[in-house]
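Everything quoted here is computed from the prediction, not taken from an experiment.
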Number of protein chains: 2
Amino acid sequence: MAPVSVFSASDIELGFHAFSDPLRLQVLELLKQRELCVCELCAALEVPQSKLSFHLKALKTANLVKSYQEGRWTYYSLNLNQFLRLEQYLAEFRRYGDIVPARRCDDDL
Amino acid sequence: MAPVSVFSASDIELGFHAFSDPLRLQVLELLKQRELCVCELCAALEVPQSKLSFHLKALKTANLVKSYQEGRWTYYSLNLNQFLRLEQYLAEFRRYGDIVPARRCDDDL
DNA sequence: GTAGCATATCAATATAAATTGATGAGTAAA
DNA sequence: TTTACTCATCAATTTATATTGATATGCTAC
């Protein structure tokens, strides 16, 4: 099996999984503009708080967002480093340049 | 809600979802090197054919791979355009540069 | 034609992820 | 020091995805 360069598979998987849900995408879009607390996100997206909390946890686990608490509020923001890592993972595929055609599958070695 | 630039949400979602599975990642890694037919992938990954077929379909639906048939064989290869699209989607987030701190959530407008 | 191979699809099941409503922990204002 | 508020977590349920084994389709060599 081909070695997977510097990326840990599960790390990448987690990251992309976090991107594969409409609500989580909306959250990320909102955080693009600026840091927001949970109650602001909740209001903007019109979803129950426990639902949002679930998805924020997914984003956090995937390292796509960071958060800190201040008084009663918890503020979330993008962790752009991780965005860059995923971007680089994708970019690696293109570095190989054009597609090498298959050897006919029944050819000898 | 913030407009989502030129990307259709479901398109992006599908693409990232396809990336969020270990077997699909392995398939992509193998196709990085060159075009392969299903039976080659099957042998390399040591998975049942119907399982592989299921995941190839997911990759195809997400536009990450293309395929063509030749005789009895079906050859798969990366669709690098779609990789680029996903990369660009991620890159957009970083274009905003540094994180704007939150307004205190209980401040007046 | 018929036999064998490559692949896709299907129905049944198993597994994983998301949703809901309720509860609990921490904070701070009254 | 009680009350209200923000948020995370939990158990129960629903929904979505993946896996399996079997079967169907289409191609080709015989």
Side-chain angles (χ1 to χ4, degrees), chain A residues 9-10 12-28 30-31 35-62 64-77 102-108, chain B residues 9-10 12-28 30-31 35-62 64-77 102-108:
Chain A
S10 55
I12 295 297
E13 249 173 82
L14 259 180
F16 287 134
H17 173 255
F19 266 105
S20 68
D21 172 275
L23 183 55
R24 290 194 290 263
L25 287 183
Q26 286 183 291
V27 168
L28 294 175
L30 288 170
L31 295 179
E35 228 176 61
L36 292 168
C37 74
V38 176
C39 61
E40 287 172 310
L41 286 167
C42 230
L45 296 168
E46 297 180 291
V47 291
Q49 180 266 319
S50 68
K51 182 172 178 173
L52 183 57
S53 210
F54 171 84
H55 289 287
L56 286 173
K57 190 177 185 178
L59 289 169
K60 189 108 188 262
T61 303
L64 294 176
V65 301
K66 8 181 205 189
S67 66
Y68 63 94
Q69 196 182 340
E70 193 177 301
R72 290 188 284 190
W73 294 279
T74 303
Y75 293 92
Y76 281 85
S77 59
R103 278 198 275 91
R104 290 315 98 202
C105 155
D106 53 350
D107 285 354
D108 296 339
Chain B
S10 54
I12 295 296
E13 248 173 84
L14 258 181
F16 287 134
H17 173 256
F19 267 106
S20 68
D21 172 273
L23 183 56
R24 290 194 291 262
L25 287 183
Q26 287 184 291
V27 168
L28 295 174
L30 288 171
L31 294 179
E35 230 176 58
L36 292 168
C37 74
V38 177
C39 62
E40 287 172 310
L41 286 167
C42 231
L45 297 168
E46 299 181 288
V47 290
Q49 181 267 320
S50 69
K51 181 173 179 174
L52 183 56
S53 211
F54 172 84
H55 288 287
L56 286 172
K57 190 176 185 180
L59 290 169
K60 189 109 190 261
T61 303
L64 295 177
V65 302
K66 10 180 203 188
S67 66
Y68 63 94
Q69 196 182 340
E70 194 178 301
R72 290 188 284 188
W73 294 278
T74 303
Y75 293 92
Y76 281 85
S77 59
R103 280 198 272 89
R104 289 316 97 201
C105 153
D106 51 352
D107 286 354
D108 296 338

Taking the side chain of A:His17 as its heavy atoms from C-beta onward, which of C:dA22, D:dT6, C:dA17 lies nearest to it? C:dA17
Tell me the interatomic distance from B:Phe54, atom CZ, to D:dG21, atom C1', rounded to whole angstroms. 15 Å
Without decimals, in angstroms, what is the distance between B:Trp73 CH2 and D:dC27 C1'? 9 Å
When B:Arg72 and A:Glu70 are each assigned the nearest nucleotide of DNA chain C, the 5'-most assignment goes to B:Arg72
Counting N and O atoms only, with roles assigned by atom type, does the side chain of B:Gln69 sit under 3.5 Å from a partner on the main chain of B:Gly71, one being a donor and the other an acceptor? yes
Measure the distance from CG on A:Leu36 to P on D:dC7 and round it to the nearest whole Å. 11 Å
Taking only side-chain nitrogens and oxygens of A:Tyr76, does any of them come within less than 4.0 Å of OP1 or OP2 of D:dT6? no
Base C:dA8 paired with B:Gln49 side chain (donor-acceptor, <3.5 Å): yes
Between A:Ser53 and A:Ser50 (side chain of the first, backbone of the second, donor and acceptor by atom type, cut-off under 3.5 Å), is there such a pair? no
So, for B:Ala58 and B:Ala18, which heavy atoms are closest and what is the spacing to 0.1 Å? O-CB, 4.2 Å
Under 4.0 Å from OP1 or OP2 of D:dA18: is there any side-chain N or O of B:Arg24 that close? yes
Just the rounded figure in Å: distance from P of D:dC7 to NZ of A:Lys60. 13 Å
Would you mind reading off the distance between B:Lys51 atom NZ and C:dA6 atom C1', rounded to a whole angstrom? 20 Å
Considering only heavy side-chain atoms of A:Gln69, the closest of C:dT27, C:dT7, C:dT20 is C:dT27
Using a cut-off of less than 4.0 Å, is there contact between a side-chain N or O of A:His55 and OP1 or OP2 of C:dT19? yes
Should A:Val27 and A:Leu36 be marked as a side chain to side chain contact (heavy atoms under 4.5 Å, CB included) after you check the CA-CA gap, both sets of side-chain angles, and the distance that decides it? CA-CA 10 Å; A:Val27 168; A:Leu36 292 168; over 6 Å; no
Can you figure out which of D:dG21, C:dA8, D:dT9 approaches the side chain of B:Val38 most closely? C:dA8
Contact class for B:Thr74 (heavy atom, under 4.0 Å): base, sugar-phosphate, or nothing? sugar-phosphate
For B:Glu46 and D:dT19, give me the distance from atom CD to atom P, rounded to whole Å. 16 Å
What orientation do A:Phe16 and B:Phe16 show, parallel under 30°, tilted 30 to 60°, or perpendicular over 60°? parallel
To the nearest angstrom, the CD-P distance between B:Glu13 and C:dA17 comes to 16 Å
Interatomic distance, B:Asp21 CG vs D:dA16 C1' [rounded to whole Å]: 14 Å
